[in-house]
Amino acid sequence: MRYSTSSAPVREERNSAVELLRALAMFLIVLSHACVHSRFDLTAPGFGFNRIFVQCGVLGNLGVDIFVLISGYFLSGKGVSARGLLKLLLQVWFYSLTMFLGCRVFFGYSYTVGDYHRVFLPILFGEYWFCTAYVILFLLTPFLNLLITAMDQRMHQRLIVLMLCLWSILPTITGQYMYGDILAQFILLYMIGAYFRRYPGSASRCAAARGGLAVVSVLLLLSLT
């Protein structure tokens with residue numbers, strides 16, 4: 001499958017539920033960064049608001065997962081374009097250069113040769129882990145979509161269950177990551193998002209089962225924490 005070069009992408013109706021979910025993901029990521037980069041003492045005794053606030057740092061991972069799920073939902077239905085890839089790369093480069101200039105001019109930061117590599121080639125040198133992993137996922141999207149199209153619903157389910165077992169359940173139980181790095185996790189989330197796009201009826205059935213699963217998941221996470 002080739003990357004499309006069309007300058008007139010297909011417009012989709014905005015989904016208010018998805019937009020709300022996206023806003024929630026943004027909030028969780030901002031909250032996570034505020035917690036992680038704060039100066040709270042995690043080893044301080046006692047229990048209070050500050051300690052609860054700091055623990056919110058882990059919610060950033062949830063926000064990232066939501067973003068990739070949404071990407072799988074939309075990109076699996078319309079694919080990607082060379083123009084979209086270029087736009088993504090330029091956005092990352094723009095913010096990388098802007099932050100570099102700000103730190104250099106206003107705060108007097110000094111940079112080594114290696115630092116300049118990461119500033120001007122942030123994707124290649126992995127300066128921002130999410131951006132690098134997301135661009136690689138973006139490049140793989142046409143091939144993932146071919147795989148998704150070739151599978152029926154049952155095979156799609158089996159693939160998701162297999163990846164969940166390998167890169168989520170087993171690592172949680174054993175502490176071994178089974179080579180499930182960030183990109184593998186992104187592919188798993190992409191496949192889940194694509195499943196709900198391809199089989200929307202499966203998401204609207206068994207509301208009680210979904211609610212029960214959500215409660216069990218939260219209780220499991222709390223117990224592990």
Side-chain angles (χ1 to χ4, degrees), residues 12 14-40 42 49-78 80 84-85 87-96 98-99 118 122-123 126-141 144 160 163-164 166-169 171-172 177-178 180-197 200 203 210-211 213-225:
E12 293 192 50
R14 299 184 74 87
N15 187 317
S16 58
V18 174
E19 294 301 323
L20 180 60
L21 191 61
R22 197 196 307 270
L24 174 62
M26 293 171 61
F27 171 75
L28 293 177
I29 292 173
V30 172
L31 177 62
S32 171
H33 281 79
C35 299
V36 171
H37 298 290
S38 65
R39 296 187 177 181
F40 290 112
L42 289 175
F49 173 77
N50 287 351
R51 195 167 185 83
I52 296 175
F53 180 74
V54 169
Q55 299 304 321
C56 291
V58 298
L59 294 177
N61 294 330
L62 176 59
V64 169
D65 291 348
I66 292 173
F67 267 124
V68 181
L69 278 170
I70 293 174
S71 297
Y73 183 85
F74 285 111
L75 293 180
S76 63
K78 64 178 182 180
V80 298
L85 176 62
K87 181 180 178 180
L88 177 62
L89 293 174
L90 288 176
Q91 285 177 342
V92 177
W93 184 81
F94 169 79
Y95 285 108
S96 178
T98 300
M99 287 188 287
R118 293 193 295 273
I123 298 297
E127 177 66 7
Y128 311 107
W129 68 268
F130 175 81
C131 296
T132 298
Y134 190 82
V135 166
I136 296 174
L137 178 68
F138 200 87
L139 292 171
L140 293 175
T141 292
L144 294 176
I160 290 174
M163 290 190 291
L164 279 172
L166 289 176
W167 299 327
S168 182
I169 297 175
T172 301
Y177 286 95
M178 305 295 292
D181 58 8
I182 293 171
L183 182 58
Q185 296 286 342
F186 277 20
I187 293 175
L188 166 60
L189 293 165
Y190 186 93
M191 287 295 181
I192 295 174
Y195 181 86
F196 288 119
R197 172 63 179 258
R210 294 200 312 274
L213 182 60
V215 171
V216 171
S217 299
V218 171
L219 291 177
L220 178 62
L221 287 174
L222 289 175
S223 65
L224 290 173
T225 304

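Note: hydrogens, waters and symmetry copies are ignored here, and every other heavy atom, side chains too, is used.
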From CG (Leu69) to CG (Leu188), nearest 0.5 Å: 8.5 Å
Minimum-distance pair of heavy atoms, taken over all atoms of Ser32 and Leu59: CB-C, 4.4 Å
Nearest-0.5 Å distance that lies between atom CD1 in Ile136 and atom CG in Leu140: 7.5 Å
Arg22 to Phe67 - nearest heavy-atom pair and separation: CG-CE2, 3.5 Å
Shortest non-hydrogen contact from Arg197 toward Phe74: NH1-CA, 3.7 Å
Sequence neighbours excluded and cut-off under 3.5 Å, please list the side-chain donor-acceptor pairs for residues 87-94, or say none.
none

CE on Met26 to CG on Leu21, rounded to 0.5 Å: 12.0 Å
Nearest heavy atoms of Ser76 and Tyr190, plus distance in Å: N-OH, 3.3 Å
pair Leu75-Phe138: side-chain heavy atoms closer than 4.5 Å: yes
Gap between atom OH of Tyr73 and atom CD1 of Ile70 - 0.5 Å precision: 10.5 Å
Any Trp167 side-chain heavy atom under 4.5 Å of Ile187 side chain: no
Shortest non-hydrogen contact from Pro171 toward Leu166: CD-O, 3.3 Å
Heavy atoms from other residues, nucleotides or ligands near CE of Met99 exceed 12 (cutoff 6.0 Å): yes
Nearest non-hydrogen partners of Leu189 and Asp65, listed with the distance: CD1-OD1, 3.4 Å
Ring-ring centroid check Phe130 Phe186, cutoff 6.0 Å: yes
Euclidean distance, Leu62 CG relative to Ile66 CD1, rounded to 0.5 Å: 4.0 Å
Any Leu137 side-chain heavy atom under 4.5 Å of Leu144 side chain: yes
